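Structure, as structure tokens:
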Amino acid sequence: MPHLIREVQTPYTINPNDQAIGRETIILQRDGQPIAAVVPYAEYQELLAQRKDVAKLEPISNDPQFERERAAFQKLLPKLLKEHRGKWVAIVDEKVADVGPDFSSVIQRVRARFGKRSVCVQEVLETPRVYSLPSPHIVRR
Amino acid sequence: MKYLYNQSVSPPAPFVKLIVADPTDSTRQITVDAQIDSAADISTLPNSIVEQLELPVSGSLEIAGYDGNLSIVTLRDAVLILDKFKFSGARIVPTNADYALLGRDVINFLRLVLDGPALTLEILD
């Protein structure tokens with residue numbers, strides 16, 4: 001749980017000996033509004049890595065609508081891992097449109113609701129599952 | 001339903017007649033030859049079928065091919081009909097082959113009898 005420690009004035013200092021620092025997320029507020037977060041260093045490194053992952057996401061199709069949905073999935077992944085780990089989510093218009101236990105149930109609801117359009121239905125996993133297709137077919141993107 | 005193995009491939013292999021339908025309009029259907037492939041985690045369709053039915057993009061996944069190389073591909077979704085069995089919301093990988101592959105994502109729902117010496121495949125009820 002984020003730990004609100006103080007209402008800060010500018011300039012401000014944070015005491016590195018504060019027991020909460022490095023252990024939990026600390027939200028700094030100004031006029032009652034959150035303005036910054038102090039996160040444990042390991043979490044900061046994870047966030048940097050995720051940002052790099054999103055930046056290097058190369059297109060796999062010439063379908064701009066799908067590529068937007070796919071990029072949105074990558075951007076939302078840290079939050080999705082907290083809320084829907086192991087489930088399947090549908091990204092439509094760069095937002096979560098459906099969640100379910102398997103691809104089939106999710107895509108059927110999405111087709112009924114949005115019709116024929118590019119969407120991105122993905123399993124919420126830290127590392128994508130690799131599917132084996134050993135027959136020597138040439139897979140098309 | 002009983003099928004004779006496809007003997008135009010060597011060695012002969014179990015093939016079925018698979019109906020593929022548009023997920024948003026089930027009246028748009030195409031029949032395609034499909035090989036039973038218990039080594040495949042996922043099913044495939046010829047790209048020509050995907051294009052004719054304009055099957056929509058529905059995601060992506062990582063595939064490890066026969067050479068172990070990884071590739072990221074787009075997925076399509078379709079309705080697959082095989083005899084009395086209907087698979088709505090099936091995941092499909094488009095390929096350049098001229099026949100489909102039915103992987104374990106589909107065949108694990110079926111009771112199949114492969115009779116090699118008789119070159120027959122039977123789908124049990």
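Only this structure's heavy atoms are used, side chains among them; waters, hydrogens and symmetry mates stay out. Proteins get letters first, then strands, A, B, ... in listed order; numbering begins at 1 in each. Computed from a predicted structure; not experimentally measured.
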* To do: Treat each ILVMFWY residue as a node, draw an edge where side-chain heavy atoms are under 4.5 Å apart, and state whether L114(B) and V106(B) are in one component.
  => yes
* Linked, directly or transitively: F109(B) and I36(B) (ILVMFWY side chains, under 4.5 Å) -> yes
* **salt bridge (charged side-chain N to carboxylate O under 4.0 Å, His left out) contacts touching residues 19-37 of chain B (sequence neighbours left out)** => K116(A)-D22(B), K17(B)-D33(B), D22(B)-R28(B), R28(B)-E54(B)
* To do: Give the member of G89(B), G65(B), A39(B) that has the highest number of heavy-atom pairs under 4.5 Å with chain A.
  => G89(B)
* Asked: Between R117(A) and chain B, which part of the residue has a heavy atom less than 4.5 Å away: side chain, backbone, both or neither?
  -> backbone
* Structure fact -> To the nearest 0.5 Å, atom OG1 of T74(B) lies from atom CG of D63(A) at 8.5 Å
* To do: Give the intermediate values and the outcome of side-chain contact (heavy atoms from CB on, under 4.5 Å) for residues R129(A) and L61(B).
  => CA-CA 8 Å; R129(A) 190 186 301 265; L61(B) 52 74; over 6 Å; no
* With a cut-off of 6.0 Å (strictly less than), are more than 12 heavy atoms of other residues, nucleotides or ligands near CG of N108(B)? -> yes
* Treating Ile, Leu, Val, Met, Phe, Trp and Tyr as nodes and any side-chain heavy-atom pair under 4.5 angstrom as an edge, say whether V32(B) and V93(B) lie in one connected cluster. => no
* **residues 98-105 of chain A: residues contacting chain B (heavy atom under 4.5 Å, by number)** => F103(A), S104(A)
* Structure fact -> Looking only at heavy atoms, the pair that brings I60(A) and S60(B) closest together is CD1-CB, 3.5 Å
* Structure fact -> dist R104(B):CZ -> S132(A):OG (nearest 0.5 Å) comes out at 7.0 Å
* To do: Kindly give the heavy-atom pair with the smallest separation between L133(A) and L101(B), and that separation in Å.
  => CD1-CD1, 4.2 Å
* Flag yes if more than 12 heavy atoms outside D67(B) fall under 6.0 Å of its CG atom; otherwise flag no. => yes
* Structure fact -> Greatest number of non-hydrogen atom pairs under 4.5 angstrom with chain A, of G68(B), G103(B), S58(B), A40(B), falls to S58(B)
* Structure fact -> Closest non-hydrogen contact found for S88(B) with Q108(A) is CB-OE1, 3.2 Å
* Asked: Under 4.5 Å between side-chain heavy atoms, hopping through other hydrophobics if needed: is there a path connecting I92(B) to V110(A)?
  -> no
* Residues in residues 82-92 of chain A that sit under 4.5 Å from chain B, counting heavy atoms only -> W88(A)
* Asked: How far does OG1 of T127(A) sit from CD of E62(B), to the nearest 0.5 angstrom?
  -> 9.0 Å
* Over all heavy atoms of both residues, which pair between R111(A) and D77(B) is shortest? Give the atoms and the distance, please. => NH2-OD1, 2.8 Å
* Cluster link M1(B) to L119(B), ILVMFWY, side chain under 4.5 Å -> yes
* Asked: Given a cutoff of under 4.5 Å between side-chain heavy atoms of I, L, V, M, F, W and Y, with clusters grown through shared members, what are the other residues clustered with V130(A)?
  -> L70(B)
* Hey, what do you get for SG (C120(A)) to CG (L75(B)), rounding to the nearest 0.5 Å? -> 9.0 Å
* With rounding to the nearest 0.5 Å, note down the distance linking CD1 in I42(B) to OH in Y131(A). => 6.0 Å
